[in-house]
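All values below come from the heavy atoms of this structure, side chains included, with hydrogens, waters and symmetry mates left out. Remember, it's 1-based here, ligands and their atoms both numbered in the order they're listed.
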Amino acid sequence: MTEDQKPSGPDLTKGVGLSDFKDGKLLGHVGEEDVLLVEAGSEIFAIEPSCSHYHGPLAEGLVVGDTIRCPWHHACFSLRSGEATRPPALNALAVWDVTRDHDRIIVQRKRAGPSTVHRGTPTPDKFIIVGGGAAGFAAAETLRREGFAGGITMLSNDGAMPVDRPNLSKDYLAGNAPEDWLPLRGEEYYQDAAIDLRLNTEVSAIDPKTRSVTLGNGDKLPFDRLLLATGAEPVKLQIPGADQPHVHTLRSVADSRAIIKAASSATRVLVIGASFIGLEVAASLRARKFEVHVVAPEERPMQKVLGPDMGDFVRGLHEENGVIFHLKDTVEKLDGTSATLKSGGLIDADLVVVGIGVKPRLALAEQAGLAADRGVSVSEYLETSVAGIFAAGDIARWPDPHSRQTIRVEHWVVAERQGQTAARNMMGKRERFDAVPFFWSQHYDVPINYVGHAESFDDIAIEGSIKDRDCLLKYRKDGRVLAVASIYRDLDNLKAELDMERSRA
Ligand SMILES: Cc1cc2nc3c(=O)[nH]c(=O)nc-3n(C[C@H](O)[C@H](O)[C@H](O)COP(=O)(O)OP(=O)(O)OC[C@H]3O[C@@H](n4cnc5c(N)ncnc54)[C@H](O)[C@@H]3O)c2cc1C
């Protein structure tokens, strides 16, 4: 440990008083390890202070019962066991035994961490998961964590193991995260957990009658329960020249790698579409010092989801960082490296990234005859119209008790949480999916957190200052707050999530 990495706060083995706590928390150390003391009701817990997802500071998190939620991406941990109880965290945190001697609180022994794989009673059941993304991975992991001891086969047409997909447009693309940070788990995890992960494996059909899937090579695999988690794919640009090799979309590791490779010899970048992914790509490629142009038809980026004031802020933020916008405009054709705009302008760009939205991959569901409505229709248990076949993640449209609508979203945390619920229901539990939707987006050093779901809104109540990057926006419809977005008001965002959970229908 170097001089500037000194452990935090007081030595907790010597004891601290409750009066030393601030807002129910105290950061100290045991030996060289930082430890967070948390007061929850009449109990005191000692837990590792950084979230196991992206190391968010739990000292700034929200305590709910005997759990603590991370301020950055709303992961949740049991204060008793350290177990990650809500994505996006996967790994447990260390916890320590705490003793009380009158009003002194003393931290002692570190406890052994909980196991991520529980061996249940062996069963001949065969579960198939189609898709190796957020939802598919979370489902497989949950099945093993909850003791399912039958067969789990995860089929993915991607060549990469399940990865941290949000990173593909952020730190990885910007060159700030090495590729070995991307996999959610290493190869040995799948072996240890007896999850038969088959990569580069296309599922071409599902037969609900014979309960089998057909693979691209013609092989058939039987299943007792199936989870469809095929996610979404980028919408293709339908203009002349869009099929040229320097025109990219971004969904997979291979896509992100291809953009990085193309960037090594590019001089100017054109991003088509001011979507979340489009703008994150713009920010990451600015970090690589490229001239970046963004062409999009809307008046303000992200206005539809975040409203006009936040839209103006996002635009200003990107402009401060050197992005050149061409708004209320579209690209009509790509002729070699020359992009012709509807307004008549020309942009010369040797790297083009198209970020004009995604659409759910519905082909398998439609072929199998599953009910679909702009997504695979599922019940509150995430079961499709065919018993025993579940769907989760970007393809699923579910009855959301908060917005009181059926909705489909494209959020990492929602996909993971749905994967978990679907897994439990595949095991025969009847767990409703009622999590409040949450997503985040990162532009330069500015994170935007959004909780809830507002397909449309009547007005936005703004607390604080957007321009000063210290704000909370409440999206209201018919007098109800449907969603809340924030910049650097993470605790308020967590509280808004809790309010929504407590007021659900
Ligand atoms: C670049 C990028 C950045 C993002 N950033 C954020 C963010 O900051 N915050 C946020 O909340 N969300 C973000 N998202 C969205 C988030 O990643 C998705 O909501 C999430 O990945 C959805 O999970 P999923 O399991 O439904 O689908 P996916 O993760 O896409 O997984 C689908 C899987 O199905 C496989 N598959 C598809 N068809 C078949 C088939 N026929 N046979 C076999 N396998 C098949 C695919 O190969 C893939 O493995 C981002 C998305 C991208 C692309």
Close approach of Lys170 to ligand 1, heavy atoms, under 4.0 angstrom: yes
Sub-4.0 Å heavy-atom contact, Asp255 with ligand 1: no
Near [X], which atoms of ligand 1 are under 4.0 Å from a heavy atom of that residue?
X      : result
Ala134 : 23 (O), 25 (O), 29 (O)
Glu202 : 40 (C), 41 (N), 42 (N)
Gly133 : 25 (O), 28 (P), 29 (O), 31 (O), 33 (C), 49 (O)
Thr201 : 42 (N), 43 (C)
Glu410 : 12 (N), 15 (C), 19 (O)
Ala229 : 32 (C), 33 (C), 34 (O)

Test your reading of the structure: does [X] have an N or O sitting under 3.5 Å from an N or O of ligand 1?
X      : value
Val203 : yes
Leu364 : no
Ala135 : yes
Ser441 : no
Val413 : no

Give a yes-or-no answer on whether the side chains of [X] and [Y] include a donor-acceptor pair shorter than 3.5 Å.
X      : Y      : answer
Asn91  : Ser52  : no
Ser284 : Lys170 : no
Asp350 : Thr267 : yes

Any donor-acceptor N/O pair, Asp255 side chain to Ser252 backbone, under 3.5 Å: yes
To the nearest 0.5 Å, what is the distance between [atom1] on [X] and [atom2] on [Y]?
X      : Y      : atom1 : atom2 : result
Ile277 : Arg165 : CD1   : CZ    : 9.5 Å
Leu279 : His318 : CG    : NE2   : 4.5 Å
Cys471 : Ile487 : SG    : CD1   : 4.0 Å

Identity and separation of the nearest protein heavy atom to atom 11 (O) of ligand 1: Trp412 N, 3.0 Å
Atom 40 (C) of ligand 1 - nearest protein heavy atom and its distance: Asn157 ND2, 3.5 Å
Sole residue of Val213, Val386, Leu370 in side-chain contact (heavy atoms from CB on, under 4.5 Å) with Ile206: Val213
Taking the minimum heavy-atom distance to [atom], which of [options] ranks first?
atom                    : options                        : result
atom 2 (C) of ligand 1  : Ile277, Val163, Ile395         : Ile277
atom 27 (O) of ligand 1 : Ser256, Gly231, Ala205         : Gly231
atom 48 (C) of ligand 1 : Gly132, Ala415, Ala138, Pro162 : Gly132

Ligand 1 contact on Leu155 by region, counting heavy-atom pairs under 4.0 Å: backbone
Residue of the set His411, His74, His73 for which ring-ring contact (aromatic ring centres under 6.0 Å, His included) holds with Phe439: His411
Ring-face cation of Arg430 near Tyr381 (centre distance under 6.0 Å, axis angle within 45°): yes
Validation row, ring centre His453 to ring centre His402 under 6.0 Å: no
Phe438-Tyr450 aromatic ring centre distance below 6.0 Å: no
Under-4.0 Å protein heavy-atom contact, atom 14 (N) of ligand 1: no
